[in-house]
Amino acid sequence: MDDQPRLMHAHAAVGMSGHPGLSQHIQDNTGATDGDGRKQDIGDILQQIMTITDQSLDEAQARKHALNCHRMKPALFNVLCDVKEKTVLSIRGAQEEESPDAQLMRLDNMLLAEGVSGPEKGGGAAAAAAAAAASAGVGADNATEHSDYRAKLTQIRQIYHTELEKYEQACNEFTTHVMNLLREQSRTRPISPKEIERMVNIIHRKFSSIQMQLKQSTCEAFMILRSRFLDARRKRRNFNKQATEILNEYFYSHLSNPYPSEEAKEELAKKCSITMSQHGTTCLLVSNWFGNKRIRYKKNIGKFQEEANIYAARTAVSAASVSAHGSQTNSPSTPNSAADVTLWEMSFVSK
DNA sequence: GAAAATGATTAAAC
DNA sequence: GTTTAATCATTTTC
């Protein structure tokens with residue numbers, strides 16, 4: 001501890017000779033002329049600053065006040081700020097990397113597009129829900145699922161906004177607190193406004209990285225919600241009995257070639273009151289049904305034999321009644337009897 | 001509650 | 001683009 005005064009004098013001397021701006025500052029701020037007197041002044045100030053922590057609170061307060069009023073104080077602080085700026089802060093400044101704005105923008109855009117953030121609900125959220133409901137292609141009870149979806153979306157929005165607000169408030173409070181602290185400290189140690197600004201930036205970056213995490217998890221929550229809602233497999237509905245009968249009737253009466261054309265599919269979909277798929281011009285549901293039926297029939301003809309006989313008999317009866325009335329055939333192709341081995345069946349029965 | 005049935009999805013082949 | 005074959009996920013049946 002005995003070294004301190006010597007050290008401070010040495011510092012002051014180095015400051016004088018090593019920093020070209022110091023004498024200038026002092027000239028500017030004090031107008032002093034006596035070189036030795038100035039050295040003595042600076043040495044005194046520095047010594048007082050360094051020993052201030054060793055003193056009692058009252059003493060220190062008094063000393064702080066005296067220092068603040070010292071005529072050399074502004075000049076000395078300016079120089080020290082300059083030195084700090086040119087060494088530590090400039091190095092640190094150079095190392096500061098670019099903030100990941102791109103990702104933040106991506107998240108912001110997504111939240112905006114999905115209606116989680118932004119002005120008010122009704123835009124993206126409703127559109128997404130409507131699209132989801134439409135592509136799910138369901139009928140009766142989609143209203144409840146729809147509102148369920150909307151309620152959950154609102155919940156996500158609410159959590160997001162309250163959390164965001166909390167973070168913003170905390171950020172502001174913390175920034176104000178730190179700024180006040182630094183301003184207060186700048187009375188006793190050299191802190192430039194630039195340094196305060198830099199500190200504020202650091203705080204903002206930290207908080208915005210937290211906000212980014214919030215945005216990320218909100219996006220994830222929304223994606224999960226939507227995928228649940230959109231996943232058609234989760235909301236599979238069996239066709240009603242009538243629809244199944246219509247499809248089976250077509251299938252067994254076209255066993256030689258159970259591949260309905262686009263028109264036939266649309267016709268069948270209409271007959272079965274199946275809403276058209278959003279995926280294209282074909283009725284995907286009918287295509288799915290025929291795809292499944294073909295493969296399952298082919299895999300186990302025996303199991304479907306009884307069903308085949310029933311439908312064959314039914315079509316035979318209707319064909320007979322039609323011919324009995326002398327009408328023309330209203331079927332695009334000749335119905336097959338279940339006993340017949342059809343062309344289509346031939347292709348896989350004979351391996 | 002397990003098994004069967006069934007609609008949807010997928011990759012691969014055409 | 002469609003179809004097949006395998007598979008998944010749900011609903012229905014027992």
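Worth saying up front: this structure is predicted, and the values here are computed from it rather than measured.
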Expressed in angstrom and rounded to an integer, what is the separation of A:N238 atom CG from C:dT11 atom C1'?
5 Å

Here the distance between atom P of B:dT6 and atom OH of A:Y297, to the nearest Å, is 16 Å

Without decimals, in angstroms, what is the distance between A:L247 CG and B:dT6 P?
12 Å

Pairs involving residues 165-180 of chain A, ordered by first then second residue, that meet salt bridge (Lys or Arg N to Asp or Glu O under 4.0 Å) (sequence neighbours left out)
A:E163-A:K166

In terms of hydrophobic clusters joined by side-chain contacts under 4.5 Å, are A:L268 and A:Y259 together?
yes

Would you say the side chain of A:T315 lies within less than 4.5 Å of the side chain of A:Y252, judging by non-hydrogen atoms?
no

Rounded distance (Å) that lies between atom P of C:dT7 and atom CG of A:N288:
18 Å

Please report, rounded to the nearest Å, how far the P atom of C:dA9 is from the CZ atom of A:R237.
17 Å

State, to the nearest 10°, the angle formed by the axis through the first five base pairs of the helix from B:dG1-C:dC14 to B:dC14-C:dG1 and the axis through its last five.
10°

Does A:Y297 have A:R294 sitting over its ring (NZ/CZ under 6.0 Å from centre, angle to axis within 45°)?
no

Specify the separation, in whole Å, of atom CG of A:L284 and atom P of B:dT9.
7 Å

Lys/Arg-Asp/Glu bridge criterion (N-O < 4.0 Å) met for A:K271, A:E249:
no

Between A:Y250 and A:F290, is the ring pair (Phe, Tyr, Trp, His ring centres under 6.0 Å) condition met? List the steps.
CA-CA 10 Å; A:Y250 187 98; A:F290 273 88; 5.6 Å; yes

Which label fits A:W289 and A:F251: parallel for a plane angle under 30°, tilted from 30 to 60°, or perpendicular past 60°?
perpendicular

Do A:V178 and A:L182 have side chains that approach each other closer than 4.5 Å (heavy atoms only, starting at C-beta)?
yes

By the 4.0 Å heavy-atom rule, please label A:K303 as base, sugar-phosphate, or nothing.
sugar-phosphate

Sub-3.5 Å pairs of nitrogen or oxygen atoms, protein against nucleotides 3-6 of chain C:
{"unit_1": "C:dT4", "atom_1": "OP1", "unit_2": "A:Y259", "atom_2": "OH", "d": "2.1"}
{"unit_1": "C:dT4", "atom_1": "OP2", "unit_2": "A:R294", "atom_2": "NE", "d": "2.5"}
{"unit_1": "C:dT4", "atom_1": "OP2", "unit_2": "A:R294", "atom_2": "NH2", "d": "3.0"}
{"unit_1": "C:dA5", "atom_1": "OP1", "unit_2": "A:K298", "atom_2": "NZ", "d": "3.0"}
{"unit_1": "C:dA5", "atom_1": "OP2", "unit_2": "A:K298", "atom_2": "NZ", "d": "2.8"}

Around atom CG of A:D58, are there more than 12 heavy atoms of other residues, nucleotides or ligands at under 6.0 Å?
no

Provide, to the nearest angstrom, the distance between the NZ atom belonging to A:K241 and the P atom belonging to C:dT12.
14 Å

If I take atom CG in residue A:L285 and atom P in nucleotide B:dT9, what distance separates them, rounded to the nearest angstrom?
9 Å

